[in-house]
Amino acid sequence: MQITTFQQYEEEYKKSVENPEQFWGEVAQNFQWRKPWFKVLSWNFKDPEIKWFEGAKLNITENCLDRHLAANGDKPAIIWEPNNPEEESVTLTYKMLHERVCRFANVLKRNGAKKGDRICIYMPMVPELAIAVLACARIGAVHSVIFGGFSAKSIADRINDSQCKLVITADGAYRGNKQIPLKDVIDDALIGCPTVEKCIVLTHVRTPVSMLKGRDVWWEDEVKHVNDTCEAEEMDAEDMLFILYTSGSTGKPKGVVHTCGGYMVYAGYTFSNVFNYQPGEVYFCTADIGWITGHSYIVYGPLSQGATSVLFEGIPTHPGPSRFWDIVEKHKVNTLYTAPTAIRSLMSFGEEPLNGKDLSSIRILGSVGEPINEEAWHWFDEKIGHNEAPIVDTWWQTETGGIMISPIATVTKTKPSFATLPLPGVQPILVDENGSEIKGNGVSGNLCIKFPWPGMLRTTYGDHERCKQTYFSTYENLYFTGDGCLRDEDGYYRITGRVDDVLNVSGHRIGTAEVENAINMHAGVVESAVVGYPHDVKGQGIYAFVINPEMHGEADLTKKDILQTVTRVIGAIAKPDKILFVSGLPKTRSGKIMRRILRKIAEGDTANLGDTSTLMDPAVVDEIIEASRR
Ligand code: WT7
């Protein structure tokens with residue numbers, strides 16, 4: 001199933017387009033099924049309705065764990081590197097991981113969880129997080145992992161949207177030299193979550209927490225009451241595997257739904273190929289399991305291929321900017337998969353942190369989350385890869401389940417800042433505003449996908465109409481990604497960024513509407529408008545224009561109050577980098593905010609505001625420009 005030459009890539013790609021069912025049917029043979037499918041694919045993008053491997057039965061954990069036991073049971077599955085480098089790292093072999101997953105699966109059952117139940121996971125990056133995820137999958141429960149940076153309100157919204165029955169958390173988390181009180185946050189969230197019956201709490205940072213009688217139980221106590229045998233639940237290929245919430249251009253975050261069979265095949269296939277993974281190698285993805293990258297390329301993809309996956313609790317700059325390089329040296333990492341924002345941040349410390357570090361184990365480098373600028377690409381290439389390790393710039397999304405457009409390591413010729421070519425089975429198309437295809441090379445347009453792939457989302461939880469509206473209605477019969485894209489003379493793809501009102505801040509997806517709603521919750525704020533602007537490290541920063549007419553006290557303190565409000569409503573990751581108080585916003589006569597103008601002002605490019613003739617009150621623009629310069 002591994003592609004090793006460019007000619008082979010071309011052949012496989014051709015086959016995947018000409019006969020997708022045969023192509024994916026063959027790929028799927030590399031996985032373990034309880035019962036085979038009777039139909040590889042049935043689909044329409046209108047409803048949308050997508051079914052892969054119809055009729056097939058499986059359990060993804062048998063693919064990620066059981067099937068490796070006989071030959072590779074003693075091989076490391078997970079290497080855990082703690083936040084504090086003075087602490088011991090932990091290695092879990094496939095045998096150990098299997099045992100712990102089965103044991104914790106029994107804990108879930110003991111606490112009332114069964115197939116189809118939704119379970120919220122809010123945990124630090126510790127092995128128990130991967131164990132909790134896999135234990136859910138083992139019993140057929142649907143996990144909904146929430147990143148540790150989200151607020152109580154965000155958690156409650158997500159828990160209520162999918163009516164979670166159980167929550168799995170920890171007393172707290174370490175993040176660099178900070179400590180996050182996870183259980184306190186969960187306690188606040190659960191005040192407004194009537195569907196939650198039980199909360200399982202892992203001891204990690206050893207901070208005191210409140211334990212509610214009848215609801216809260218300790219992970220450590222629970223595992224003593226059960227054994228470590230747990231037959232995997234037989235799942236239909238199209239049964240739900242997990243929900244992952246992500247931001248869009250409007251309203252509240254959507255619960256993107258992935259299903260068992262197609263997701264497994266897609267995560268496994270793309271992992272094996274894109275990273276050219278070789279048995280015995282150590283693979284390190286620096287993402288958090290709270291995001292899709294962690295789901296697909298720390299847990300499911302690597303484990304389905306019997307790989308060794310490093311799970312790192314901390315951050316790149318703690319205790320110092322050589323942390324990644326220390327981890328690479330210590331665990332002899334062969335593949336490093338990280339984000340442009342991390343690269344830019346580490347770049348800013350110069351070469352000193354690299355001195356004396358042995359990076360010779362590195363064979364493949366990967367980037368994900370946002371467009372990688374050329375400067376960062378070259379630094380990564382030269383300083384980390386010593387001009388020998390191919391860089392795979394992988395474009396994909398929460399909704400796509402796995403990597404879509406990317407070089408295949410050692411196979412595809414790379415080009416700085418280009419995600420290069422579609423993987424087999426992926427059929428990209430560029431369209432103009434009217435949905436007409438833009439053919440040929442040396443063109444750019446809106447990026448859509450015209451044919452299903454096994455890892456694609458099936459719905460948005462509890463609201464199929466929203467899935468249809470968001471992804472399948474902008475252009476008829478196409479999946480719309482929300483990204484702009486350029487296809488150069490070589491047919492290589494370069495993602496230019498979102499074309500909708502979604503920001504990408506340090507690789508995190510944040511909707512401008514969400515941030516505006518949070519700011520507007522602050523007493524005194526009448527209205528706000530949020531746009532992105534270029535930020536050296538974060539990629540995009542958040543710029544908020546705020547109308548707050550009867551401001552009490554000092555402007556600086558009020559700004560801090562607003563930041564506090566955003567932190568409470570969404571989480572610290574959504575805090576604006578800049579707040580500008582204004583008396584009005586540029587609106588069209590129909591009352592629509594002209595963000596195009598605000599973006600220009602945020603960028604400092606006030607000489608080219610474009611056409612402002614449709615504005616209701618053009619004078620407001622001059623006033624904002626004036627204020628922005630102060
Ligand atoms: C959005 C998806 C997929 C994992 C992490 C983010 C942007 C992602 C790239 C890349 C340019 C990229 C896109 C996309 N993006 N990877 N290699 N080059 N842009 O997942 O939170 O669902 O965000 O991230 O804009 O639409 P996500």
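Counting starts at 1 for both ligands and their atoms, in listed order. Predicted model, so just to flag it, every value in this text is computed and none were measured.
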### Message
Tell me every residue that passes salt bridge (charged side-chain N to carboxylate O under 4.0 Å, His left out) with Lys575, counting only those two or more places apart in sequence or in another chain.
### Response
none

### Message
Check whether Phe150 forms a cation-pi arrangement with Arg158 (NZ or CZ under 6.0 Å from the six-membered ring centre, at most 45° off the ring normal).
### Response
yes

### Test salt bridge (charged side-chain N to carboxylate O under 4.0 Å, His left out) applied to Glu476 - qualifying residues, sequence neighbours left out
Lys46

For ligand 1, which of its N or O atoms have a protein N or O partner closer than 3.5 Å, and how long is each gap?
unit_1: ligand 1; atom_1: 15 (N); unit_2: Gly369; atom_2: O; d: 3.3
unit_1: ligand 1; atom_1: 16 (N); unit_2: Gly369; atom_2: N; d: 3.1
unit_1: ligand 1; atom_1: 17 (N); unit_2: Asp393; atom_2: OD1; d: 2.8
unit_1: ligand 1; atom_1: 17 (N); unit_2: Thr394; atom_2: O; d: 2.8
unit_1: ligand 1; atom_1: 18 (N); unit_2: Glu370; atom_2: O; d: 3.4
unit_1: ligand 1; atom_1: 19 (N); unit_2: Pro371; atom_2: N; d: 3.4
unit_1: ligand 1; atom_1: 22 (O); unit_2: Thr398; atom_2: N; d: 2.7
unit_1: ligand 1; atom_1: 22 (O); unit_2: Thr398; atom_2: OG1; d: 2.5
unit_1: ligand 1; atom_1: 22 (O); unit_2: Arg509; atom_2: NH1; d: 2.7
unit_1: ligand 1; atom_1: 24 (O); unit_2: Gly369; atom_2: O; d: 3.3
unit_1: ligand 1; atom_1: 25 (O); unit_2: Asp483; atom_2: OD1; d: 2.6
unit_1: ligand 1; atom_1: 25 (O); unit_2: Asp483; atom_2: OD2; d: 3.3
unit_1: ligand 1; atom_1: 26 (O); unit_2: Gln397; atom_2: NE2; d: 2.9
unit_1: ligand 1; atom_1: 26 (O); unit_2: Asp483; atom_2: OD1; d: 3.4
unit_1: ligand 1; atom_1: 26 (O); unit_2: Asp483; atom_2: OD2; d: 2.6
unit_1: ligand 1; atom_1: 26 (O); unit_2: Arg498; atom_2: NH1; d: 2.9

### With Pro48, the side-chain contact (heavy atoms from CB on, under 4.5 Å) member among Phe472, Tyr479, Trp43
Phe472

### Query
Is it true that His508 and Phe147 have ring centroids separated by less than 6.0 Å?
yes

#### Entry: Listed partners of Asp577 passing salt bridge (charged side-chain N to carboxylate O under 4.0 Å, His left out), at least two apart
Lys538

